[in-house]
Amino acid sequence: MEVKTDVKVQLKEAVEKAITTLLSKAETLEGADPIAAPVVVIQDTPNDKPGDYGTPVAFLLAKALKKNPVTLAAELAKTLELPFGISRAEAVGPYLNFFVDVAGYIESIVRDPLNIPSKNLKVIVEHTSVNPNKELHVGHLRNVVLGDAMARIYREAGYTVEVQNYIDDTGRQAADSIFAARHYGAVWDGIQKYDHWLGELYVRLHQDLKDPEIKAALEPQIREVIHQLERGELRSEIEKVVKAQLETCYALGVEYDLLVWESDIVGSGFLDKAMKILEKSEYCSHPLEGKYKGCFVMDTSHFLPGLEDPILVLLRSDGTATYTSKDIAQQFWKFGLFEGLDYLEFTVQPSEKYLFATHSNGKPHAFAHANRVVNVIDSRQEHPQKVVKTSMAIAGYPNEYENSIHLSYNTVSLEGQAISGRKGITVPMDQVMQEAKSRAADELAGRGILDDLKNPDKVTFQVGLGGLRFSMLKSERTREIDFQWDAALSLVGDNAVYIQYAAARANSIIRKAKEAGLNSDRADYTLLGNLELELVKEIARFPMILENTVRDNSPHHVAHYGLELANCFNGYYNHKDQNQKTDTKVIDSSLPDGLQCARLAVVERMFKALERTLGVLGIEVPAEM
RNA sequence: GCACCCGUAGCUCAGUUGGAUAGAGCGUUGGCCUCCGAAGCCAAAGGUCACAGGUUCAAGUCCCGUCGGGUGCACCA
């Protein structure tokens, strides 16, 4: 039999076709101007309404044709060519509703592997990009987890994905830390994690710099370190920090394709090329007098309303570049406008995939050349990111402008307080993960099952970190998150554990069903009913969820879908008939073999859907819990 | 001051880019394991979708205004 992916897509096409014939008839009758076909939206019907899917398109037609929507819906229902899996169409008032053919529909979904075709488009996701001078803390968590989930989702949706992590190795913060180590004569003991060790020196230095005299005395020496960094003389120092930071990311299950070193971008000549391009823009100029005399500036007033001063400096009067102009050059490079960077293998990641880094002594490689660029940066950077995006348009690349995406997210506070490394209101990410695992272990121990697990370390890791990731992903990007230990690591309710538990339960059923000799190949789908249909309809929503997630660049759609699917399965599993007896059992020898096997097929498909949903969020399904 | 984001149940949040009687979790109350995993399920209670106008056959969703919360407006990095 023919198995097609999305019934809704087919319905949409069928309705569109019916409308086209209906419209052409209307036109020939009246000889009037062609009427634009309305957009057809197929939606799920409310629970208490007849049908499984429906569309309100008759309203729009009614307006265009100046006819009654009720009669139009009825007419469409009659003329519509039903796609496979749909048994009939019916007008419910002005709505046009569809009833699925239960057996055919379920089989088509259950047997569909849901392979999403390759889009032949490349998207670069840049995330993490933490200053290489201290350990990652809880404030970075949202960035890393959001970026990683988005990368996985793009990959799932058929895009080629390149994950970049930007290393600001010439910045003030890196200089501070390296200087601090020298200044205090500190020697790394080789035991403490290197980034933590360096971070402590950084904090200590900032305590001392509060004294103006000390600051004045040390400032020239720090500047000298910056110059050393710019010349690339301290690269091995920075590499040590980056490697320590990456250990944290790996522990979270996050990997990258490429580290982009700022010093390499600076040394590439991209900046000059980018500025030459912007020279041609009417928005850019070299003021000959006034506040910005001698600078190269951009007038942002046309696209960034509300700034007190719309003039943005790209090149300072001493000729050096500002951060924004470096970002612009880098964005041009990401879209493949510039060539010339070289790359080296930097390290091997836990998955055994190489991590590359830009390097002046490297070799050419097929990085960059993206069709879409997603920069994961918090919402406080909206202005500079808008300038970066707009620069693509100014430079004459409207398509690249459209595909420059600032994945902006609101900040994370810690138990109601703003995170501040200097005030000590923060927690290192390594510690957060450790705490997450130990809470998961406590929970398992409290249930008395910790000792029964074959691999307790793995399970506590999967449960603890799953919860942590989920807490960063379940809200919309624009929402502020207050990180609270109890809520983030809670193991009840609206949480990754809920989904993991449903998956574990399904897995257990599948295992026992196989032990009982059941096999989904023997499924008789005609024996299934509305209970299975509800579950399968939920499974079928996955492609649309992915689509919405890519559209909004917000993984929270996937997180909520996971909860809904798990909830749907739990409801199915617990369903009871009027006599309070479970009527959805898979393994029940009093039932026909074909029914048991069909239910097994549905549960197997549901399990795969859950695994996949959690997978794109970077959350694993424990084999036992 | 100006701009952007947010305001939905007591709390934390969804709401398929304008459709049918606004949904979850936590908390509260009551029920469900001799039955494939109770980290679960079912039920009850809880709403002027901040407020006031407008557009539309149809507004939590779009537009205008007001109020409240957050963030941003450097030749810093």
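Below, chains carry the letters A, B, ... as their sequence lines are ordered, and counting in each starts from 1.
Taking side-chain N and O atoms only, A:Tyr561 has no distance below 4.0 Å to OP1 or OP2 of B:A24. In terms of phosphate contacts, A:Lys512 brings a side-chain nitrogen or oxygen within less than 4.0 Å of OP1 or OP2 of B:G37. Considering only side-chain N and O atoms, A:Tyr292 lies under 4.0 angstrom from the phosphate OP1 or OP2 of B:C75. The side chain of A:His557 contributes no N or O atom lying less than 4.0 Å from OP1 or OP2 of B:U17. The phosphate of B:A14 (OP1 or OP2) has a side-chain N or O of A:Arg479 nearer than 4.0 angstrom. Put simply, A:Arg447 has a side-chain N or O that comes within less than 4.0 Å of OP1 or OP2 on B:A39. Residue A:His556 places at least one side-chain N or O closer than 4.0 Å to OP1 or OP2 of B:G15. The side chain of A:Arg316 places an N or O atom within less than 4.0 Å of a non-bridging phosphate oxygen (OP1 or OP2) of B:A77. OP1 or OP2 of B:G37 lies within a sub-4.0 Å distance of a side-chain N or O belonging to A:Ser508. Taking side-chain N and O atoms only, A:Tyr573 has a distance below 4.0 Å to OP1 or OP2 of B:A38.
At a cut-off of 3.5 angstrom, counting only N and O atoms as typed in the model, there is no donor on one side facing an acceptor on the other between the side-chain of A:Asn47 and the base of B:A20. Side-chain to base pairing of A:Thr478 with B:C5: no donor and acceptor N or O lie closer than 3.5 Å to each other.
When all heavy atoms of A:Cys284 and A:Leu278 are compared, the closest pair comes out as CB-O, 3.4 Å. In plain terms, the two heavy atoms of A:Asn410 and A:Thr478 that are nearest each other are ND2-O, 2.8 Å.
Under the Watson-Crick or G-U wobble criterion, with both distances below 3.5 Å, B:A77 is left unpaired in every strand shown. Both distances falling under 3.5 Å, in either a Watson-Crick or a G-U wobble arrangement, place B:A50 opposite B:U66. The partner of B:G19, taking Watson-Crick or G-U wobble pairs whose two distances both stay under 3.5 Å, is B:C57. B:G72 is paired with B:C2 under the criterion used here, namely a Watson-Crick or G-U wobble arrangement in which both key atom distances are under 3.5 Å. Partner assigned to B:A9 is none, using Watson-Crick or G-U wobble distances below 3.5 angstrom. The partner of B:G30, taking Watson-Crick or G-U wobble pairs whose two distances both stay under 3.5 Å, is B:C42.
Annotation: cation-pi geometry not satisfied between A:Arg541 and A:Tyr561 (NZ/CZ under 6.0 angstrom from ring centroid, within 45° of ring axis).
Of the P atoms belonging to B:U12 and B:U17, the separation is 27 Å, rounded to the nearest Å. With C1' as the reference atom, B:G23 and B:U8 are 10 Å apart, rounded to whole Å. For the P atoms, the distance from B:A20 to B:G60 is 9 Å, rounded to whole Å. Using P as the reference atom, B:A22 and B:U34 are 38 Å apart when rounded to the nearest Å.
Considering only the side chain of A:Asn97, B:A20 comes nearest among B:A77, B:A14, B:A20. Side-chain proximity of A:Arg551 to the nucleotides B:U17, B:G19, B:C35 is greatest for B:U17. Which of B:C57, B:C75, B:G37 sits closest to the side chain of A:Lys63 comes down to B:C57. Side-chain atoms of A:Leu491 lie closest to B:A39 of the nucleotides B:U8, B:G69, B:A39. For A:Asn570, the listed nucleotide lying nearest its side chain is B:C41; candidates were B:A77, B:C41, B:A14. The nucleotide whose nearest atom lies closest to any side-chain atom of A:Asp494 is, among B:C57, B:G25, B:A77, B:G25. The side chain of A:Val41 has B:U17 as its nearest neighbour among B:U17, B:A14, B:A77. Nearest nucleotide to the A:Arg505 side chain, out of B:U56, B:A20, B:A38: B:A38. Of the listed nucleotides (B:G70, B:G19, B:G37), B:G19 has the atom at the smallest distance from the side chain of A:Pro56.
No side-chain donor from either of A:Asn553 and A:Arg477 sits under 3.5 Å from a side-chain acceptor of the other. A:Ser263 and A:Asp169 form a side-chain donor-acceptor contact under 3.5 Å, judged by distance and modelled atom types alone.
Once the 5.5 Å centre distance and the 30° plane angle are applied, the aromatic ring of A:Tyr501 is found not to be stacked with the base of B:G37.
For the pair A:Asn410 CG and B:U12 P, the computed distance is 15 Å after rounding to whole Å. Residue A:Arg172 contributes atom CZ, which lies 9 Å from atom P of B:A77 at whole-angstrom precision. Rounded to whole Å, atom P of B:A58 lies 18 Å from atom CG of A:Leu61. To the nearest angstrom, P of B:C33 lies 15 Å from NZ of A:Lys585. Rounded to an integer number of Å, the gap from CD1 of A:Ile545 to C1' of B:U17 is 13 Å. Rounded to whole angstrom, the span from the CG atom of A:Asn507 across to the P atom of B:A39 amounts to 16 Å. Following rounding to the nearest Å, A:Asp577 (CG) and B:C32 (P) show an atom-to-atom distance of 17 Å. A:Lys326 has its NZ atom 16 Å from the P atom of B:C75, to the nearest Å.
Checked by atom type and distance alone, the side chain of A:Thr320 never pairs as donor or acceptor with a backbone atom of A:Arg316 at under 3.5 Å.
As judged by a 4.0 angstrom heavy-atom cut-off over every strand, A:Val586 is placed among the base-contacting residues. Contacts of A:Ser317 with the nucleic acid, taken as non-hydrogen atoms under 4.0 Å apart, include base atoms.
Annotation: A:Arg522, atom CZ; neighbour count of heavy atoms from other residues, nucleotides and ligands within 6.0 Å is above 12.
In B:C33 the O4'-C1'-N dihedral to the base is within 90° of 0, which defines a syn nucleotide.
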Task: Audit row: A:Tyr202, A:His206, ring-ring contact (aromatic ring centres under 6.0 Å, His included) steps and yes/no - done: CA-CA 6 Å; A:Tyr202 174 76; A:His206 270 269; 4.7 Å; yes
